[in-house]
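Quick note on labels: first sequence line is chain A, next is B, and so on, each numbered from 1. All figures in this text were calculated on a predicted structure; none of them were measured in a lab.
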Number of protein chains: 2
Amino acid sequence: MRRDVFQAIADPIRRDIIELLAEKTLTVNSIAEKFEISRPAISKHLKILKECGLINYKKEGRERFCFIQPKNLIPAFIWIEKYRELWEDKLDSFDSYLNKLQSKTNQNE
Amino acid sequence: MRRDVFQAIADPIRRDIIELLAEKTLTVNSIAEKFEISRPAISKHLKILKECGLINYKKEGRERFCFIQPKNLIPAFIWIEKYRELWEDKLDSFDSYLNKLQSKTNQNE
DNA sequence: TATTTGCGTAACCGAATGATTACGCTTATA
DNA sequence: TATAAGCGTAATCATTCGGTTACGCAAATA
């Protein structure tokens, strides 16, 4: 069972949960109310987010408050950030492919 | 079949392919040589990357050159970027959860 | 022209994913 | 103390995922 940040944020519901928790700490039930799926399904998503270190719990009585741990998004951020230069330099599209190919060819081979 | 950037970069092999193509345009076979899995498996990953707009092909003879389209990483970048402020403000960990909870309580309710 | 190369794709398979229902355990409340 | 509320988890299921092998086709080459 792979369990990393990339896999955690691959699911749209889990991304939505993160968005919710970024605003406010919420109990499991109050999260579940915002989605169409069942509460146990939400519990599972929360478990995955917890295992990936993106959220944590704080128990208060019979309630479980979930809060975000945004720091653990950093690895994913760093990975994507590497390519920022590429897209900002417009090294994209077919034209740039040609440019790139030509310059590579001229320089390297 | 969900097919978006987040799902595309969820797989470590696909991330590695993107890393390779960020440096250099490569044929399908030359990509496959860098991994332990079979060429058809690589073809499938490439197909997914293509469907998500992260790469494209250019046919030359019987070879198929793959090149990156980094622009389509931007939506994922933007999504994560939203939380940068959160982790930079150290609104993380149990302590900050408590701070947040208290300030929320004082201000809102 | 016969063969090799580069590749896509179909068929198949086991494992993972995401959902459900059913149940049980704590904790709060009537 | 009986009941309700808040939650986790087990069992189950259909679907998706990621891999394989087998095959076929177009383009290059002998």
Q. Atom CD of A/Glu60 to atom C1' of D/dA5: distance rounded to whole Å?
A. 16 Å
Q. Under 4.0 Å between a side-chain N or O of B/Ser38 and OP1 or OP2 of D/dT20?
A. yes
Q: Would you mind reporting whether A/Trp87 and B/Gln69 have side-chain heavy atoms less than 4.5 Å apart?
A: no
Q: Would you mind reading off the distance between B/Lys44 atom NZ and D/dC17 atom P, rounded to a whole angstrom?
A: 11 Å
Restricting both atoms to N or O, compile the protein contacts to nucleotides 5-7 of chain C shorter than 3.5 Å, with distance only.
{"residue": "C/dT5", "atom": "O4'", "partner": "B/Arg62", "partner atom": "NH1", "Å": "3.4"}
{"residue": "C/dT5", "atom": "O2", "partner": "B/Arg62", "partner atom": "NH1", "Å": "3.2"}
{"residue": "C/dC7", "atom": "OP1", "partner": "B/Val28", "partner atom": "N", "Å": "3.3"}
{"residue": "C/dC7", "atom": "OP1", "partner": "B/Arg64", "partner atom": "N", "Å": "3.0"}
{"residue": "C/dC7", "atom": "OP2", "partner": "B/Asn29", "partner atom": "N", "Å": "2.7"}
{"residue": "C/dC7", "atom": "OP2", "partner": "B/Asn29", "partner atom": "ND2", "Å": "2.9"}
{"residue": "C/dC7", "atom": "N4", "partner": "B/Arg39", "partner atom": "NH2", "Å": "3.4"}

Q.
With a 6.0 Å cut-off (strictly less than), is the heavy-atom count around NZ of A/Lys34, excluding the residue itself, greater than 12?
A. no
Q | A/Ile55 CD1 to D/dC7 C1', straight-line distance once rounded to whole Å | A | 13 Å
(Q) Looking only at the side chain of A/Ile37 (C-beta and beyond, no hydrogens), which of the listed nucleotides C/dT20, C/dT9, D/dG18 gets closest? (A) C/dT20
What donor-acceptor contacts under 3.5 angstrom involve side-chain atoms of residues 10-17 of chain B, with partners at least two apart or in another chain?
{"residue": "B/Asp11", "atom": "OD1", "partner": "B/Ile13", "partner atom": "N", "Å": "2.9"}
{"residue": "B/Asp11", "atom": "OD1", "partner": "B/Arg14", "partner atom": "N", "Å": "3.3"}
{"residue": "B/Arg14", "atom": "NE", "partner": "B/Ala8", "partner atom": "O", "Å": "2.8"}
{"residue": "B/Arg14", "atom": "NH1", "partner": "B/His45", "partner atom": "ND1", "Å": "3.1"}
{"residue": "B/Arg14", "atom": "NH2", "partner": "B/Gln7", "partner atom": "O", "Å": "3.2"}
{"residue": "B/Arg15", "atom": "NH1", "partner": "B/Ile9", "partner atom": "O", "Å": "2.7"}
{"residue": "B/Arg15", "atom": "NH1", "partner": "B/Ala10", "partner atom": "O", "Å": "3.3"}

Q: Choose from C/dT26, D/dT20, C/dT20 the nucleotide whose nearest atom is closest to any side-chain atom of B/Pro40.
A: D/dT20
Q.
With the threshold set at under 4.0 Å for non-hydrogen atoms, list the residues of residues 10-20 of chain A touching DNA chain C in residue-number order.
A. A/Asp11, A/Ile13, A/Arg14
Q: State whether A/His45 places a side-chain N or O below 4.0 Å from either non-bridging phosphate oxygen (OP1 or OP2) of C/dT17.
A: no
Q.
Without decimals, in angstroms, what is the distance between B/Arg3 CZ and D/dT16 P?
A. 10 Å
(Q) With a 4.0 Å cut-off on N to O distance, would you call A/Glu33 and A/Arg39 a salt bridge? (A) no
Q) Just to confirm, is there a sub-4.0 Å distance from OP1 or OP2 of D/dT16 to any side-chain nitrogen or oxygen of B/Gln7? A) no
